[in-house]
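Computed from a predicted structure; not experimentally measured. Side chains are part of it too, since the values below use all heavy atoms of this structure and drop only hydrogens, waters and symmetry mates.
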Amino acid sequence: MTHTHDLEARLARLEGLQEVRRLVADYSHGADKRDLDLFLSVWHEDAVWDVGSARFTGRNQIGAAIQRQWETQPFMAHWTANLSVDLTAGSTRAVARVDTDTLTQLASGEWLQSAGTYDDVLQLRDGRWGFVERRATLHTSLALTARPADLEQPRRPG
């Protein structure tokens, strides 16, 4: 009986890890593609989103905050890497850390390239994983002197 229980706990852990990966990706896809339903689906109702300069509590505040970002930032793209998740077998709580590189266009037309880290707490509630806290730490943000399209064009010598 113990062997079956161990397998079930290990399977639940692997499923939890996969759900955390999906939530990290859906956060970025929702934000970047301006899909409010997808963006809000990653949060539990009482979640906290701490962006460094402001803190939003609950899905209503979080939804209003991302919509304000969309109004002032015509374009954003997040790329995440180095995901590390601490989730023990049988646990309904996960702690994660992921680095992000973000390209953002401001309403002024200026482009920023930023690097940071998200520190996350996630929980399994009623069969669904979701963020209960996401804290962003900005490491650097640089203004780009060329538009991203210019950066993508190969330059020919001479």
Side-chain angles (χ1 to χ4, degrees), residues 1-107 111-142 148:
M1 190 66 90
T2 303
H3 181 67
T4 301
H5 177 71
D6 289 346
L7 287 176
E8 289 173 359
R10 289 171 58 202
L11 179 59
R13 178 178 180 273
L14 291 172
E15 289 174 338
L17 290 170
Q18 187 57 36
E19 282 299 302
V20 169
R21 286 183 187 96
R22 183 190 58 79
L23 290 167
V24 168
D26 284 352
Y27 168 93
S28 295
H29 286 298
D32 296 346
K33 293 164 182 62
R34 298 167 192 271
D35 183 335
L36 185 60
D37 290 335
L38 179 61
F39 185 78
L40 290 177
S41 75
V42 305
W43 305 94
H44 280 304
E45 189 61 41
D46 59 345
V48 173
W49 186 29
D50 183 341
V51 297
S53 59
R55 185 175 170 96
F56 309 100
T57 302
R59 289 179 68 198
N60 288 339
Q61 281 188 13
I62 291 169
I66 193 66
Q67 289 179 68
R68 282 191 301 275
Q69 279 189 7
W70 292 338
E71 290 171 4
T72 61
Q73 299 171 7
F75 177 86
M76 64 175 69
H78 293 75
W79 296 278
T80 57
N82 306 324
L83 177 62
S84 175
V85 182
D86 182 13
L87 172 63
T88 57
S91 179
T92 59
R93 182 178 185 273
V95 176
R97 174 175 272 186
V98 64
D99 294 322
T100 183
D101 183 56
T102 307
L103 178 64
T104 308
Q105 183 185 32
L106 304 179
W111 289 88
L112 300 176
Q113 187 80 39
S114 305
T117 299
Y118 292 115
D119 288 292
D120 303 322
V121 178
L122 304 99
Q123 285 184 342
L124 176 64
R125 297 180 183 171
D126 299 322
R128 185 181 80 79
W129 281 95
F131 288 106
V132 292
E133 183 176 354
R134 175 159 255 212
R135 184 171 37 92
T137 302
L138 180 66
H139 302 304
T140 185
S141 187
L142 303 170

task = Carefully, step by step, assess Lys33 and Leu38 under the rule side chain to side chain contact (heavy atoms under 4.5 Å, CB included).
result = CA-CA 9 Å; Lys33 293 164 182 62; Leu38 179 61; over 6 Å; no
task = Go through Arg93 and Val121 one step at a time and tell me if the side chain to side chain contact (heavy atoms under 4.5 Å, CB included) criterion holds.
result = CA-CA 7 Å; Arg93 182 178 185 273; Val121 178; 3.8 Å; yes
request  = Please assess Val24 against Leu83 for the test side chain to side chain contact (heavy atoms under 4.5 Å, CB included), listing each intermediate value before the final yes or no.
outcome  = CA-CA 9 Å; Val24 168; Leu83 177 62; 4.2 Å; yes
ask   = Could you walk me through whether Thr117 and Arg97 pass the side chain to side chain contact (heavy atoms under 4.5 Å, CB included) check?
value = CA-CA 7 Å; Thr117 299; Arg97 174 175 272 186; 3.5 Å; yes
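Rounded to the nearest 0.5 angstrom, His139 NE2 and Thr137 OG1 are separated by 6.0 Å. Atoms CG and CD, from Leu103 and Gln113 in turn, are 5.0 Å apart once rounded to the nearest 0.5 Å. Atom CD of residue Gln73 and atom CZ of residue Arg34 lie 8.0 Å apart, to the nearest 0.5 angstrom. Atom-to-atom distance recorded for Thr104:OG1 and Leu112:CG is 6.0 Å, nearest 0.5 angstrom. Glu19 CD to Leu87 CG: the interatomic distance, rounded to the nearest 0.5 Å, is 11.0 Å. Leu142 contributes atom CG, which lies 7.5 Å from atom OG of Ser114 (distance to the nearest 0.5 angstrom).
The side-chain heavy atoms of Leu122 and Leu23, taken from C-beta on, include a pair separated by under 4.5 Å. In this structure, the side chains of Arg135 and Trp49 stay at 4.5 Å or more apart for every pair of heavy atoms. At least one side-chain heavy atom of Met76 sits less than 4.5 Å from a side-chain heavy atom of Gln69. Leu36 places a side-chain heavy atom less than 4.5 Å from the side chain of Gln67. Contact annotation: the side chain of Gln61 never approaches that of Ile66 to less than 4.5 Å [non-hydrogen atoms, C-beta and beyond].
Checked against salt bridge (Lys or Arg N to Asp or Glu O under 4.0 Å), Glu133 has no partners two or more places apart in sequence or in another chain. By the salt bridge (Lys or Arg N to Asp or Glu O under 4.0 Å) test, Asp26 is found to be paired with Arg22, residues two or more places apart in sequence or in another chain being considered.
Using modelled atom types, one finds a donor on one side chain and an acceptor on the other under 3.5 Å when comparing Thr102 with Thr100. Counted by atom type alone, Arg59 and His44 present zero donor-acceptor pairs between their side chains at under 3.5 Å.
Under the 30°/60° scheme for interplanar angles, the aromatic rings of Tyr27 and Phe131 are found to stand perpendicular. A perpendicular orientation is assigned to the rings of Phe39 and Trp70, their planes being inclined by more than 60° (bins at 30° and 60°).
Taking each heavy atom of Val20 and Ala96 in turn, the nearest pair found is CG1-CB, 4.2 Å. Closest non-hydrogen pair, Ile62 versus Ala47, comes out as CD1-O, 3.8 Å. Of all the heavy atoms in Arg128 and Trp43, the pair that sits closest is NH2-O, 3.2 Å. Taking every heavy atom of both residues into account, Ser28 and Thr80 meet most closely at OG-CG2, 3.9 Å.
One N or O on the side chain of Asp32 and one on the backbone of His78 form a donor-acceptor pair closer than 3.5 Å. No donor-acceptor pair under 3.5 Å is formed between the side chain of Gln18 and the backbone N or O of Leu14.
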